[in-house]
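Down below is the structure, laid out as structure tokens.
Worth saying up front: this structure is predicted, and the values here are computed from it rather than measured. In what follows, chains are A, B, ... by sequence order, proteins preceding strands, each numbered from 1.
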Protein chains: 2
Amino acid sequence: MAYRRTDTVSARLADNRRAILNAARDLVAQGGFAAAQMTEVARKAGVATGTLYRYFPSKEELCRQVFREVSAREMNVLAGIAAENRPALDRLHDVLTTFASRAVGGRRLAYALLAEPVDDGLTEERTRFRRVHGDIFAGLLEDAMAEGVIAPLNARVTAACISGAIPTALIGPLAPESHELEEAGAHVVDDIVQFCLAAVLGAGTKYEVEQRISA
Amino acid sequence: MAYRRTDTVSARLADNRRAILNAARDLVAQGGFAAAQMTEVARKAGVATGTLYRYFPSKEELCRQVFREVSAREMNVLAGIAAENRPALDRLHDVLTTFASRAVGGRRLAYALLAEPVDDGLTEERTRFRRVHGDIFAGLLEDAMAEGVIAPLNARVTAACISGAIPTALIGPLAPESHELEEAGAHVVDDIVQFCLAAVLGAGTKYEVEQRISA
DNA sequence: CCCTTGATTGAACAGAGGTTCATGCTTTGG
DNA sequence: CCAAAGCATGAACCTCTGTTCAATCAAGGG
């Protein structure tokens, strides 16, 4: 035998892997996945482009890994709150507030995770991410119904509405300007959360149209 | 002089232009803007690829034109309802129902207009499109406040929430399966609209958390 | 100190898709 | 029917990025 992977080497390999992932993550946090080009990642990580392929089989896999790491953190935060031992509506309130606040705080990253145009592989990861959100919201709605504090409603549809309302109101063309969020972000977050909670609390009171088309 | 553009020719040119736009539109309606490749558009329109560039300076412009034509129809429908002479909440109800119903009916097209990853030029058009939605919703909310039928609220934020809730609940990973929408689409639409109206009607009643973190 | 094996490098390669342009065909006016 | 100008054609071209790989370097064992 003539070679054995020593701890020194293993450590260096692990370091490289982390350096690559961190470089990619930083680029994504700044300019979205569009900015995470292999050449750039390599440069920022301080390795050659070819080296990237000794750690990840493809750009897609590298990006997926970055997506998973970043999104896992977010999901854990929300799941943690959702699992607390408190009234369902309190947990729902806090989950929504946390979700929205964190999106405001890390707007660029939130954009990358939730809204940026990405290719198929990442779309798949994003689907998982969003489904988890949906599941968390739906679960809390079920809990609230079980507690009898809200009228019966379609938890899945309602959860989807909430999942759409929050990012749309904070990211993208319908969101307030960045500097407005800087100043009054907390207010906006509160408005959005109250919107969602009002919708949930108001369930069961069907609105009926009074006047049909007259003009 | 030796040449003049006759009516016959003008008509043929116009026909070609329409054929190209229609071909592109059909491709988009089927497979989104990703399916609108120049080669495909040309083939479907029955012209050579080079010919496309005699009618449109670039793919981007062609796609923008398609986007404008398709989205204009949608915006006009909603604007028409919003402008009727009826109570604001009735108009809001009908605008939301129409928006959601049309999205369900033309899911693929709605996906292309609202959610599909597209490049910068189209993102710009989409921004316009979504802003119009926001403006319509916000206008109706203002009207409702003026009528005194809803409590004061932030119209822009609320409109953004609505703009996000509806597509998210109907298109994408959190939407019901396509066959479910086929069967129970009207129900889902109704659930979504009631969610939005409940949120609007419930404005002003602030939800307060009872129990802070205890675990 | 040398041989072997693994790791690194970065320039060359490859695929995809939009765009161009030399060529040939049509139409127009005389 | 001919010359001039437009128009259509589609294969070649360009660009942009992800990916590869022959050459080089570093590390381990005897």
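The nearest whole Å value for the distance from the CG atom in B:D119 to the P atom in C:dT19 is 10 Å. Separating the CG atom of A:N16 from the C1' atom of D:dA26 is a distance of 13 Å, rounded to the nearest angstrom. The CG-C1' distance, from A:L13 to C:dA7, rounds to 8 Å in whole Å.
For A:R18, the salt bridge (Lys or Arg N to Asp or Glu O under 4.0 Å) test picks out A:E69, with sequence neighbours left out. Under the side chain to side chain donor-acceptor pair (under 3.5 Å) criterion, B:R43 pairs with B:E40, sequence neighbours left out. Scanning for side-chain contact (heavy atoms from CB on, under 4.5 Å) contacts around A:D26 gives A:K44, with sequence neighbours left out. In terms of the side chain to side chain donor-acceptor pair (under 3.5 Å) criterion, B:E183 has no residue partners (sequence neighbours excluded).
Residue pairs that meet the side-chain hydrogen bond (donor to acceptor under 3.5 Å, both in side chains) test with at least one member in residues 132-145 of chain A, sequence neighbours left out, are A:R91-A:D143, A:D135-A:R156. Pairs engaging residues 170-180 of chain A under the side-chain hydrogen bond (donor to acceptor under 3.5 Å, both in side chains) rule: A:R107-A:S178 [sequence neighbours left out]. Note on residues 158-173 of chain A: no pairs pass side-chain hydrogen bond (donor to acceptor under 3.5 Å, both in side chains), not counting sequence neighbours.
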**Message:** Run the side-chain hydrogen bond (donor to acceptor under 3.5 Å, both in side chains) test on A:N22 and A:R25 for me, step by step, so that the C-alpha distance in whole Å, both residues' side-chain angles and the decisive distance to 0.1 Å come before the verdict.
**Reply:** CA-CA 5 Å; A:N22 289 347; A:R25 171 171 48 63; 2.7 Å; yes

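Residues from residues 26-47 of chain A that place a heavy atom under 4.0 Å from any atom of DNA chain D, listed by number: A:Q37, A:M38. Residues from residues 51-65 of chain A with heavy atoms under 4.0 angstrom of DNA chain D, sorted by number: A:Y53, A:S58, A:K59.
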